[in-house]
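Just below is one structure, and these are the notes that go with it.
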There are 4 protein chains.
Amino acid sequence: MTRKAYVGVVGAGLATEAELELAAGVGRLIAEAGAVLVCGGLGGVMDAAARACKEAGGVSLGVLPGDDRLAASRHLTMAVATGMGEARNAIVARTADVLIAVGGEYGTLSEIAFALKMGKPVVGLSTWDLAREELGDPIVRAETPVEAVTKALNLI
Amino acid sequence: MTRKAYVGVVGAGLATEAELELAAGVGRLIAEAGAVLVCGGLGGVMDAAARACKEAGGVSLGVLPGDDRLAASRHLTMAVATGMGEARNAIVARTADVLIAVGGEYGTLSEIAFALKMGKPVVGLSTWDLAREELGDPIVRAETPVEAVTKALNLI
Amino acid sequence: MTRKAYVGVVGAGLATEAELELAAGVGRLIAEAGAVLVCGGLGGVMDAAARACKEAGGVSLGVLPGDDRLAASRHLTMAVATGMGEARNAIVARTADVLIAVGGEYGTLSEIAFALKMGKPVVGLSTWDLAREELGDPIVRAETPVEAVTKALNLI
Amino acid sequence: MTRKAYVGVVGAGLATEAELELAAGVGRLIAEAGAVLVCGGLGGVMDAAARACKEAGGVSLGVLPGDDRLAASRHLTMAVATGMGEARNAIVARTADVLIAVGGEYGTLSEIAFALKMGKPVVGLSTWDLAREELGDPIVRAETPVEAVTKALNLI
């Protein structure tokens with residue numbers, strides 16, 4: 001299964017209802033595509049995506065900031081306790097082949113930045129605007145979970 | 001599955017035939033016990049344990065030192081690319097509930113040291129001798145894979 | 001000296017002339033203020049700031065991504081070899097009391113994101129625009145090195 | 001100063017009087033040799049070495065496990081807050097050119113293991129016994145601080 005596509009889903013631990021719904025749609029579609037969902041392992045967007053992934057028969061991997069594996073969302077297939085705090089965001093970006101960012105606060109922004117630094121594609125659903133006049137938008141925009149997952153899998 | 005027992009299997013990437021056989025026995029028994037096998041994700045003891053685990057219908061998780069998830073043993077269920085080099089040994093120890101050390105060189109020694117520092121039990125099969133007169137042996141010794149896995153699961 | 005103010009200077013390894021000049025101004029002023037300069041330890045903005053800091057009699061600390069301490073800018077007072085790749089950006093943000101971002105690419109963006117996530121102030125000189133309508137601009141803007149260092153020290 | 005020799009001093013945070021005295025001797029001699037002392041930045045052996053180093057006019061660098069730079073020994077010249085917990089031991093080993101181990105518990109053992117794994121020499125003062133019949137003793141033994149620092153500097 002290490003040869004399957006790994007799709008990272010990043011977003012806030014404290015998310016809006018709309019973001020949770022987007023995350024659930026993304027998690028379900030990753031499962032249906034037979035890809036592996038990677039996330040930061042906690043609540044909000046991470047938990048919503050992992051739960052929908054599980055309900056659709058998919059598998060997921062949570063990369064936790066803390067020392068305690070049991071702090072992970074119950075819906076994950078497996079979890080890693082890094083004990084590295086926010087630096088675990090670099091591991092999420094490194095392990096995924098592509099990121100889908102759903103909304104998101106500063107932790108999400110760091111994951112987007114790491115993925116872009118590593119040359120990996122980032123698909124955004126209502127997330128940070130990093131467009132610059134001379135360089136264009138480094139994030140591939142999507143309006144729906146279907147569009148996001150389709151674009152993400154095509155970009156790998 | 002994040003609530004199952006996670007058993008770390010640590011040992012050299014370049015291992016002897018005898019060590020590979022012990023590792024395979026350990027991997028198979030972890031699978032049969034329904035636990036999750038955690039390892040450093042590369043060759044030698046790690047690969048032998050992951051392979052036997054898979055063949056017995058079990059699941060495993062590799063925590064890689066490098067940037068490339070595809071460097072992982074093909075027999076792992078999932079892999080994490082930490083990009084942290086040898087510091088990933090701390091993550092192996094942190095993620096596991098108990099370690100089984102099979103033979104091993106200095107990397108293995110660092111994993112044993114981290115687990116003991118974190119207060120987690122370590123079971124040893126032909127591994128480092130850390131006994132000190134005043135403190136006794138911090139490693140629980142086993143002679144066979146059956147003894148090692150049985151003791152490991154009882155120590156969690 | 002661990003009780004002095006630590007001012008992080010973050011920016012691209014491949015920087016424009018204008019950015020290098022800003023970085024040098026910032027490095028000099030940090031030295032004159034008696035603060036410690038923290039950076040990622042490599043070239044471009046990092047090297048320009050460390051060099052000007054040294055020339056003004058100040059001290060600096062480089063937190064390197066790689067394994068080799070000798071890859072550090074020669075102008076640093078001390079260097080740490082993390083061997084963690086880009087994840088070292090989290091350590092730069094954690095060690096500094098405040099960040100000054102000079103221009104910058106995606107690595108810089110990850111450092112800004114980490115600092116904001118950790119609740120630390122970020123002062124920007126021609127850097128990323130992260131303003132959002134509902135939340136305002138999380139980066140304190142400066143037009144000159146003097147303004148940047150003055151604001152940074154006042155924000156600690 | 002990044003081109004000077006970096007000598008790591010590793011040992012327990014809770015140390016015996018005899019160990020603290022050895023550590024102080026080592027710290028003083030590192031200062032007198034004009035080398036940089038690197039340590040884990042906390043109490044016990046680390047603090048005793050940093051203090052003696054400072055009193056002899058030397059410089060030192062502490063690599064802390066936690067988030068708070070101010071938790072460092074007051075006697076350090078500079079400190080880095082890694083926020084990575086025990087995994088920071090890998091950074092101590094990576095940054096130093098050679099380690100001197102004074103007594104020590106499991107954290108110290110992990111630092112010794114990392115240094116040996118990285119091919120760096122380790123000098124021991126009353127520390128772990130890792131000798132194995134077929135391989136000999138990987139640690140260079142010393143009886144006094146003078147012998148330890150002399151051997152360490154010669155081994156770089």
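Chain identifiers are assigned alphabetically (A, B, ...) following the order of the sequence lines, protein sequences preceding nucleic acid strands; residue numbering begins at 1 within each chain. What you see below is based on every heavy atom in this structure, not just the backbone, and it leaves out hydrogens, waters and symmetry mates. Source: prediction; values computed, not measured.
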Counting heavy atoms not belonging to [X], are there more than 12 under 6.0 Å from its [atom1]?
X	atom1	answer
D/Leu135	CG	yes
D/Glu21	CD	no
C/Glu105	CD	yes

**Study point:** C/Met84 CE to D/Arg88 CZ distance, which is reported to the nearest 0.5 Å
**Key:** 13.5 Å
Check your understanding: Which value, rounded to the nearest 0.5 Å, describes the distance between D/Arg69 atom CZ and C/Arg3 atom CZ?
Key -> 8.5 Å
Exercise for review: Let me know if C/Asp97 has heavy atoms under 4.5 Å from chain D in its side chain, its backbone, both or neither.
Suggested key: both
Study note, to complete from the structure: If you tally heavy-atom pairs under 4.5 Å between each of C/Asp68, C/Val92, C/Asp67 and chain D, the highest tally belongs to C/Asp67
Check your understanding: Picking from C/Ala72, C/Ala81, C/Ser73, C/Gly41, which has the most non-hydrogen pairs under 4.5 angstrom with chain D?
Key -> C/Ala81
Review point. With only heavy atoms counted, which part of D/Met118 is less than 4.5 Å from chain C, the side chain, the backbone, both or neither?
Key: neither
Check your understanding: Taking the side chain as C-beta and beyond, is there a heavy-atom pair between D/Thr77 and C/Met78 under 4.5 Å?
Key -> yes
Check your understanding: Between C/Ile91 and D/Thr82, which heavy-atom pair has the shortest distance, and what is it?
Key -> CG1-O, 3.9 Å
